[in-house]
Colleague: 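Next up is a structure, given as structure tokens.
Being a predicted model, the structure only gives us computed values, none of them experimental. Reminder, nothing fancy here: chain letters follow the sequence lines and each chain counts from 1.
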Amino acid sequence: MARGTLKLATYNVNGIRSRLPHLLAWLDKEAPDIACLQELKAIDEGFPIGDIRAAGYGALWKGQRSWNGVAILAKGADPVESRRVLPGDRADDQSRYLEAAAHGIIVGCLYLPNGNPQPGPKFDYKLKWFDRLIRHARSLFDSGHPVALAGDFNVVPTDFDIYNPRSWLKDALLQPESRERYQKLLAQGWIDAVRESHPDERIYTFWDYFRQHWQRDSGLRIDHILLNRQLAPRLKQAGVDRWVRGLPKASDHAPTWVTFKAEAVRRRAKQ
DNA sequence: ATGGCTACCATAGGTAGA
């Protein structure tokens with residue numbers, strides 16, 4: 001990583017314990033300064049904090065048995081927690097949101113509900129969760145701090161973000177209600193960093209385990225990193241670490257990342 | 001329309017993922 005650059009990544013590990021070797025190999029090779037993880041699928045006591053510290057990272061995590069679970073890692077630092085629940089529903093006990101400050105930015109790490117099958121209660125929960133996110137995102141956007149929202153949004157924003165929408169038309173990830181909410185979020189002013197950096201390129205972050213979809217590059221773009229007005233001008237590059245998806249016994253998601261100029265550009269007043 | 005695969009768990013099929 002070049003000096004003066006900050007790298008932020010999101011990675012749905014699909015099981016932190018079974019994916020630990022991949023996670024450590026990825027941290028070692030790509031060295032993100034901040035990493036958001038989703039689908040830990042482990043209780044708090046099952047989080048491998050010792051291995052992660054040994055790799056040079058501080059961490060916050062929020063586990064849950066069997067499903068969900070999110071974490072924020074910071075290279076050479078301890079992220080400072082600002083939230084561990086998404087506001088708006090005290091009865092919601094699913095571990096899907098964690099927010100912290102690290103390396104001078106605020107990052108919201110999220111695992112938006114999948115929502116299948118739809119229609120049904122899971123889809124209703126997805127839409128309600130999305131509405132809560134939109135509401136909270138407004139305050140983050142307006143906070144005056146550099147903010148990123150990073151995670152598995154479980155939304156394919158457009159038909160350009162999927163190899164072929166035909167067989168997914170009834171899937172919760174492509175429903176108009178899901179897509180409208182993603183657009184509503186962006187309308188607050190957030191920049192979709194990967195799409196911003198690659199406007200004309202097919203980019204995927206997820207390939208399911210079926211029918212050799214990885215081998216055929218039949219993927220979906222559902223892991224996103226959104227930047228607010230303070231952070232977007234610092235965007236340098238964005239991409240997907242596809243090599244991680246190609247490892248044996250890989251998660252069905254690949255790490256998705258952005259790089260920033262480390263600090264806001266200061267200009268000297270002209271004489 | 002279903003199933004194809006993977007990870008989790010009251011470790012055997014059920015549930016969930018997307």
Colleague: Taking the C1' atom of each, how far is B:dT11 from B:dA1, in whole Å?
Modeller: 31 Å

Colleague: Under a 4.0 Å threshold between the charged nitrogen and the carboxylate oxygen, would A:Asp92 count as salt-bridged to A:Lys128?
Modeller: no

Colleague: Which atom pairs, one a donor and one an acceptor, fall under 3.5 Å between side chains of residues 43-50 of chain A and the rest of the protein, sequence neighbours left out?
Modeller:
unit_1	atom_1	unit_2	atom_2	d
A:Asp44	OD1	A:Gly63	N	2.6

Colleague: Suppose we screen for side chain to side chain contact (heavy atoms under 4.5 Å, CB included). Which residues come up paired with A:Ala238, at least two apart in sequence or across chains?
Modeller: A:Val194, A:Ser197, A:Val258

Colleague: Indicate, with a heavy-atom threshold strictly under 4.0 Å, whether A:Asn116 touches base, sugar-phosphate, or nothing.
Modeller: base

Colleague: Going by heavy atoms closer than 4.0 Å, what residues in residues 88-99 of chain A are next to DNA chain B?
Modeller: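 Within residues 88-99 of chain A, the residues near DNA chain B are A:Arg96.
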
Colleague: Can you name the salt bridge (Lys or Arg N to Asp or Glu O under 4.0 Å) partners of A:Glu177, sequence neighbours left out?
Modeller: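 Residues passing salt bridge (Lys or Arg N to Asp or Glu O under 4.0 Å) with A:Glu177: none at all.
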
Colleague: For A:Thr256, check side chain to side chain donor-acceptor pair (under 3.5 Å) against everything at least two apart and list the hits.
Modeller: none

Colleague: Check every nucleotide of DNA chain B for an atom under 4.0 Å from a heavy-atom of chain A, then give the first and the last such nucleotide from 5' to 3'.
Modeller: B:dG3 to B:dA18

Colleague: Looking for any heavy atom pair under 4.0 Å, which part of the strands does A:His213 touch: base, sugar-phosphate only, or nothing?
Modeller: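 Counting heavy atoms under 4.0 Å across all strands, no contact is made by A:His213.
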
Colleague: Counting the atoms with a prime plus P, OP1 and OP2 as sugar-phosphate, which does A:Asn68 contact under 4.0 Å by heavy atoms, base, sugar-phosphate, or nothing?
Modeller: nothing

Colleague: Sticking with atom P, work out how far B:dA7 lies from B:dT2, rounded to a whole angstrom.
Modeller: 26 Å

Colleague: Restricting to pairs with a member in residues 215-230 of chain A, which pass salt bridge (Lys or Arg N to Asp or Glu O under 4.0 Å), not counting sequence neighbours?
Modeller: A:Asp161-A:Arg221, A:Asp192-A:Arg221, A:Asp217-A:Arg242

Colleague: Glycosidic conformation of B:dT11, syn or anti, with 90° from 0 as the boundary?
Modeller: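 Syn, angle within 90° of zero.
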
Colleague: Could you note down all residue pairs passing salt bridge (Lys or Arg N to Asp or Glu O under 4.0 Å) where residues 48-75 of chain A supplies at least one of them, sequence neighbours left out?
Modeller: A:Arg53-A:Asp78

Colleague: Only pairs under 3.5 Å count here: list side-chain donor-acceptor contacts from residues 15-26 of chain A, not counting sequence neighbours, and write none if there are none.
Modeller:
unit_1	atom_1	unit_2	atom_2	d
A:Arg17	NH2	A:Lys41	O	3.4
A:Ser18	OG	A:Gly15	O	3.4
A:Arg19	NE	A:Val13	O	2.8
A:Arg19	NH1	A:Lys249	O	2.5
A:Arg19	NH2	A:Asn14	O	2.9
A:His22	NE2	A:Pro248	O	3.0
A:Trp26	NE1	A:Asp241	OD2	2.8

Colleague: Sequence neighbours excluded, which residues qualify as side chain to side chain donor-acceptor pair (under 3.5 Å) partners of A:Asp208?
Modeller: A:His213

Colleague: NA contact type, A:Asp223, heavy-atom cut-off 4.0 Å: base, sugar-phosphate, or nothing?
Modeller: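 The answer is nothing, as A:Asp223 stays clear of every strand by at least 4.0 Å.
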
Colleague: Using the C1' atom in both, what is the distance from B:dA10 to B:dC5, to the nearest Å?
Modeller: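 Comparing C1' positions in B:dA10 and B:dC5 gives a spacing of 24 Å.
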
Colleague: Is it true that A:Arg96 and A:Asp152 have a side-chain N and a carboxylate O under 4.0 angstrom from each other?
Modeller: no

Colleague: P atom, B:dG4 versus B:dG14: distance in rounded Å?
Modeller: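 After rounding to an integer number of Å, I get 15 Å for this pair.
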
Colleague: Could you spell out the base pairing of DNA chain B in dot-bracket, with Watson-Crick or G-U pairs whose two distances are under 3.5 Å, [ ] crossing and | to another strand?
Modeller: ....(((((...))))).

Colleague: Please measure how far the C1' atom in B:dA16 lies from the corresponding atom in B:dG3, and state the result in whole Å.
Modeller: 16 Å

Colleague: For A:Tyr111 and for A:Lys41, locate the closest nucleotide of DNA chain B by heavy-atom distance; then report the residue assigned to the nucleotide nearer the 5' terminus.
Modeller: A:Lys41

Colleague: At under 4.0 Å between heavy atoms, what does A:Phe153 touch on the DNA or RNA strands: base, sugar-phosphate, or nothing?
Modeller: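 Contact class for A:Phe153: none.
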
Colleague: In terms of the nearest nucleotide of DNA chain B, which residue is placed more toward the 5' end: A:Leu173 or A:Ala42?
Modeller: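 That would be A:Ala42.
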
Colleague: Under the salt bridge (Lys or Arg N to Asp or Glu O under 4.0 Å) rule, collect the residues that match up with A:Arg181, sequence neighbours excluded.
Modeller: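 Result, salt bridge (Lys or Arg N to Asp or Glu O under 4.0 Å) vs A:Arg181: A:Asp131.
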
Colleague: Less than 4.0 angstrom from a charged side-chain N to a carboxylate O is my criterion; do A:Glu99 and A:Arg84 meet it?
Modeller: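 Here A:Glu99 does not pair with A:Arg84 in a salt bridge, since their nearest N and O are not under 4.0 Å apart.
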
